[in-house]
S.K.: 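This structure is in structure tokens; I'll ask about it shortly.
Basis for what follows: all heavy atoms, side chains included, without hydrogens, waters or symmetry-related copies. Throughout, a chain's letter reflects where its sequence line sits, starting with A, and its residues are numbered from 1.
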Amino acid sequence: MTSSSDGTGTGPSSAPIIRDDLLRNGNPRPSGDGSTDRGAAEGDGDPLLEGLNPQQLEAVVSRTGALLIVAGAGSGKTRVLTHRIASLIQNREAWPSQILAITFTNKAASEMRERVEALLGSRAEGMWISTFHSACVRILRREAEKFGFAQGFTIYDSADSRVVLKRIIKSLDADVLGFTPANASARISTLKNELADAESFARTANFSDPNEAAFVEIFRQYQRTLRAANAFDFDDLISQTVFLFRAFPDVADVYRRRFRHVLVDEYQDTNHAQYALIRELVRAPEPDADALTGIVRPGDEAASLTVVGDSDQSIYAFRGADIRNITEFERDFPGAQVILLEQNYRSTQNILSAANAVISNNFDRKDKKLWTADGDGEQIVGYTGYSGHDEAQFVADEIDRLHRDGLEYGQVAVFYRTNAQTRALEEIFIRQAIPYRIMGGTKFYERAEIKDAMAYLTAVANPADELALRRILNTPKRGIGPATETGLSRFAEDNGISFREAMRRAADLGLGPKVTGAIRSLSALLDEAAEQVAEGKVSEVLQHLMSGSGLITTLRTSRDPQDEARAENVEELIAVVKEYQKNNPDSGLIDFLTETALVAAADDLDDASGTVSLMTLHTAKGLEYDTVFLTGVEEDLLPHRMSANEPGGPAEERRLFYVGITRARKRLFISLAMTRAQFGETAVAMPSRYLQEIPAELIDWRQSPGTATSRGGTQPRALNAQRGGFGSSGSLANRPLTEKRDWPNRVTNQVRDNGDLELEAGDRIEHTDFGQGRVVQVTGVGTKRIAHVQFDTAGAKKLLIKIAPITKL
DNA sequence: TCAGCCCCCCACCGG
DNA sequence: GGGGGGCTGA
């Protein structure tokens, strides 16, 4: 049992300002009885409680040990969470360091942090607001040495895992059994999400099945390789933290005592490993009695747990999310309080009606209808382009129009199902001079040249990482081929030394003088860099590695025209490092590597307010924008072809569509294309089945998919049967459209190098896609000059002069 | 033994 | 469109 605060020791638990009764788990607050019928008057005078509806207020002030907030889209969930955190701090019920708030995406984490900081100012420091993965890395880095890893362990991304698996599969000839790096990786990932490891799996495996026997061996070797490389993959970060807590209860207790308030966002998306981690964290620590006084200190009870979720927004089944975690919360945590937030404060009624109509097609759900008191708003706008580029052009034109009417670019988001769809959007946006930023994509860090540069840093930070060493061994080309690589590897094995040590002893391998010299100078470069690390400056280390290795120089002098851009990317990485260092003066090389491994893009380093945000529907969850473009609403994309035939697939894809719709505050655009490029080829696309689930009167089709038939002609286009088909506001209804020439407003993705073409107001130009027009105005300088053109038939457009496919007449 | 070239095969979503 | 594997020429 908890005694009263003694007020003498150190640490928050002894601070007199902490209200002991409130730290106690499960105790009612002095001022309340836990009923949801709490008058708003209670919030009077406290800015943190003002303007909350009764349910939101209860969710902020409730202090039961376990709290589930069922929050429909736009119901003020983030507001409730951030105010709840802020009120804990403000009322001195907790120190910031006692708060652990977990989200799924980096974007959501930085958003929550910003909002808490806005409420509290600098008092938010010391709070852990992070993704599951970053929280686990922080714990693992501190405790790594307790279980045989060095503190500077590497985090392998999925591509790294596949390289390892590829080698293993090849060495075992397991490819004949149907193993590929991708499927083996997926299988291992699924197991790790269930907290299985190679040995526990082996215990239940059926070894008479050659496939299963081979898989056990692959799994074992994979895990052995990672351990030898002092590396964790993404799934390990969670599962190993759970194993750590279970194996070392005293270590777990440190975190259990520290985090008195654990809050989990998007709880419906937790998988078993994440669930287990939460359970471990909110378990009561062993009593920590003061040996001298015998006083048991407060904080020895289980931490309070707040989870927020909405089963209609569960979209991560593909990585093991288990909806039961939320549906069975009350059984898991007896005495838990449940609060429902249903009123929507984000979207117009038209948008909500569309969302309600769509999601009601999912069975097995508790009926729930979002509603707003704010009115119908504008109709949803629909558009069908001939191709992905036409669709992108429509999006660009609408953004341009809205921007001219005063809407900030930062208030606009474009969503899509797959990252591949960004290409067409980017090509058109660049040509149309629309500032955009791709959120959440890992693209930059997935580029080969960036991975190369990062591998140099990794090799310095974690010399055990053979994968990183092999990657840079012959990058740039220095005449060290596969034979030499294998030779080094064998030499290391034969002599019981690391690959890195084998490089130092290259002279003993009996290789040619040229190759030996190449290995030794690389080895020396890495040694120099390692010494430099101790002095601090990560950017200098990277610059030294880049100039010493000649990576940038090689790219600059290459004959391949694309290498120039690659060199610039590496330069940009150096700039990123410098920027990182400026913002995090106390952070070292390992911190930087962790950050880049876990934080998809450098997107929270920059303020994106002046740019349109492009992201996948998955990244969009939890965010909101004034204006939303939901693109590629086609069969095979949404639902995606990989999900359409899986059990639960179409329902999950519908939730994804629902998530996208409910992000919009005022304006929602839904678009699709008749044809879509994939594999570099163009295929016919059909409207998504979900489109017909939106009541026809809610959508204003600027250009309807109508009754156009697919090229195969065996099926009418999916939608015309319902509700009399699409509105015929577009001129295309009831007219088969199979030929591109029948389709108006079609654009290409052509660009042209216009060099230093000079344009001024009044000039006439001709554009490949838009025909003739008159230049109204020219803005910007140099390569960023933009022509504002009034086309004779295509309307007003902005064009980036340098690359637009235009000629001066 | 290595570099260059061609061809094939692929591809959902995130940390 | 692009990365990786396999083949060929030096």
S.K.: Under the side chain to side chain donor-acceptor pair (under 3.5 Å) test against A:Asp312, which residue among A:Gln268, A:Arg365, A:Arg655 passes?
M.R.: A:Arg365
S.K.: What nucleotide among B:dC13, B:dC2, B:dC12 has an atom nearest to a side-chain atom of A:His640?
M.R.: B:dC12
S.K.: To the nearest Å, give me how far apart CD (A:Gln421) and C1' (B:dC13) are.
M.R.: 11 Å
S.K.: Remember a base hit wins even if backbone is also touched, and classify A:Asp235 as base, sugar-phosphate or nothing at under 4.0 Å, heavy atoms.
M.R.: base
S.K.: Rounded off to whole Å, could you give me the CD-to-P distance for the A:Gln678 and C:dG2 pair?
M.R.: 16 Å
S.K.: With respect to the side chain of A:Ser643, which nucleotide from B:dC12, B:dG15, C:dG1 is positioned closest?
M.R.: B:dC12
S.K.: Between atom OG of A:Ser161 and atom CG of A:Leu467, what is the distance when rounded to the nearest 0.5 Å?
M.R.: 9.0 Å
S.K.: Taking atom C1' of B:dG14 as reference, at what distance in whole Å does atom CD of A:Glu446 sit?
M.R.: 10 Å
S.K.: Using whole Å, what does the distance between atom C1' of nucleotide B:dA11 and atom CZ of A:Arg423 come to?
M.R.: 10 Å
S.K.: Quick one: A:Glu635 CD to B:dC12 P, roughly how many Å, whole number?
M.R.: 17 Å
S.K.: Out of B:dG15, C:dG1, B:dT1, which nucleotide sits closest to the side chain of A:Thr131?
M.R.: B:dG15
S.K.: If you compare every side-chain N and O of A:Thr484 against the phosphate oxygens of B:dC2 (OP1, OP2), does one of them come in below 4.0 Å?
M.R.: yes
S.K.: Can you confirm if the aromatic rings of A:Tyr156 and A:Phe232 lie within a centre distance of less than 6.0 Å?
M.R.: no
S.K.: Looking at A:Asp197, A:Asp235, A:Asp236, which one forms a salt bridge (charged side-chain N to carboxylate O under 4.0 Å, His left out) with A:Lys192?
M.R.: A:Asp236
S.K.: Could you tell me how far apart A:Lys192 (NZ) and B:dG15 (P) are, to the nearest whole angstrom?
M.R.: 19 Å
S.K.: So, for A:Phe318 and A:His618, is the gap between ring centers shorter than 6.0 Å?
M.R.: yes
S.K.: Select from A:Lys477 and A:Phe234 the residue whose nearest nucleotide in DNA chain B is closer to the 5' end of that strand.
M.R.: A:Lys477
S.K.: Of A:Glu646 and A:Arg478, whose closest DNA chain B nucleotide lies nearer the 5' terminus?
M.R.: A:Arg478
S.K.: Checking all strands, does A:Phe132 fall into the base, sugar-phosphate, or nothing category for heavy-atom contacts under 4.0 angstrom?
M.R.: nothing
S.K.: Provide a list of protein-nucleic acid N or O atom pairs under 3.5 angstrom, restricted to nucleotides 5-10 of chain C.
M.R.:
from  : atom 1 : to       : atom 2 : distance (Å)
C:dG5 : OP1    : A:Lys166 : NZ     : 2.3

S.K.: Could you work out which one of B:dT1, C:dG1, B:dG14 sits closest to the side chain of A:Phe318?
M.R.: B:dG14
S.K.: Nearest to the side chain of A:Met642 - B:dC12, B:dC2, B:dG15?
M.R.: B:dC12
S.K.: How many Å lie between CG on A:Leu617 and P on B:dC12, as a whole number?
M.R.: 15 Å
S.K.: Heavy atoms only, 4.0 Å cut-off, all strands: where does A:Arg641 land among base, sugar-phosphate and nothing?
M.R.: nothing
S.K.: Mind calculating the distance between CZ (A:Arg676) and C1' (C:dG1) to the nearest angstrom?
M.R.: 16 Å
S.K.: Mind checking whether A:Phe259 and A:Tyr255 have parallel, tilted or perpendicular rings, split at 30° and 60°?
M.R.: parallel
S.K.: Which residue pairs pass the salt bridge (Lys or Arg N to Asp or Glu O under 4.0 Å) test with at least one member in residues 175-185 of chain A, sequence neighbours excluded?
M.R.: none
S.K.: State which residues pass salt bridge (charged side-chain N to carboxylate O under 4.0 Å, His left out) with A:Glu143; sequence neighbours excluded, sorted by chain then number.
M.R.: A:Lys146
S.K.: Stacking between A:Phe679 and the base of B:dC10 (centre distance under 5.5 Å, interplanar angle under 30°)?
M.R.: no
S.K.: Are OP1 or OP2 of B:dA3 and a side-chain N or O of A:Asn474 less than 4.0 angstrom apart?
M.R.: yes
S.K.: From C-beta outward on A:Thr619, which listed nucleotide comes closest to its side chain: B:dC12, B:dG4, B:dG14?
M.R.: B:dG14
